[in-house]
Amino acid sequence: MSDQKHFGMDIDMKMSLGNMIVIGTLLASIIFGWAKFGSDIEANRLATAANTTRIERLEIQSGEMKDRLTRMEVTLQNVSMQIDRAVRLLEKDSPTPRP
């Protein structure tokens, strides 16, 4: 007797071609899904590494830009002081007083 009763239902324990097709399809789906999952993880790992490298490069460039801007600010302050001195000298040597 290949019939069994579970939870009040008669279950035929025979394996048919349809059962084998379903089992094969499920196994193929699980294997394909697992392979896809693994490749997605690897792609994400590579993308994360690329993004980390890009962020580090941008941070370095930002630091270099900050240094350049600081040097430009100092240069502009020096130029401003020299212009102020030149204006004071010109005003001192000017024969007509300015209002």
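- One finds the CD1 atom of Ile41 at 12.0 Å from the CG atom of Leu46 (value rounded to the nearest 0.5 Å).
- Not one N or O on the side chain of Ser62 forms a donor-acceptor pair closer than 3.5 Å with the backbone of Leu58.
- Between Ile21 atom CD1 and Leu26 atom CG the span is 12.0 Å, to the nearest 0.5 Å.
- A heavy-atom distance below 4.5 Å is not found between the side chains of Gln61 and Met65.
- The distance from the CE atom of Met20 to the CG atom of Leu27 is 13.0 Å, given to the nearest 0.5 Å.
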- [ ] Quick one: do Arg71 and Asp67 satisfy salt bridge (charged side-chain N to carboxylate O under 4.0 Å, His left out)? Show the steps, please.
- [x] CA-CA 6 Å; Arg71 287 193 305 267; Asp67 292 343; 5.3 Å; no

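- Checked by atom type, the side-chain pair Asn19/Ser16 shows a donor-acceptor distance below 3.5 Å.
- In this structure the side chain of Asp84 reaches within 4.5 angstrom of the side chain of Ser80, judged on heavy atoms.
- A heavy-atom distance below 4.5 Å is not found between the side chains of Lys92 and Arg88.
- Val22 and Ile30 fall into different hydrophobic clusters, where Ile, Leu, Val, Met, Phe, Trp and Tyr residues are linked whenever their side-chain heavy atoms come under 4.5 Å apart, directly or through other members.
- Note that the CD1 atom of Ile83 and the CG atom of Leu90 stand 11.5 Å from one another [nearest 0.5 Å].
- Here the closest non-hydrogen pair linking Ile23 and Met15 is CD1-CE, 4.1 Å.
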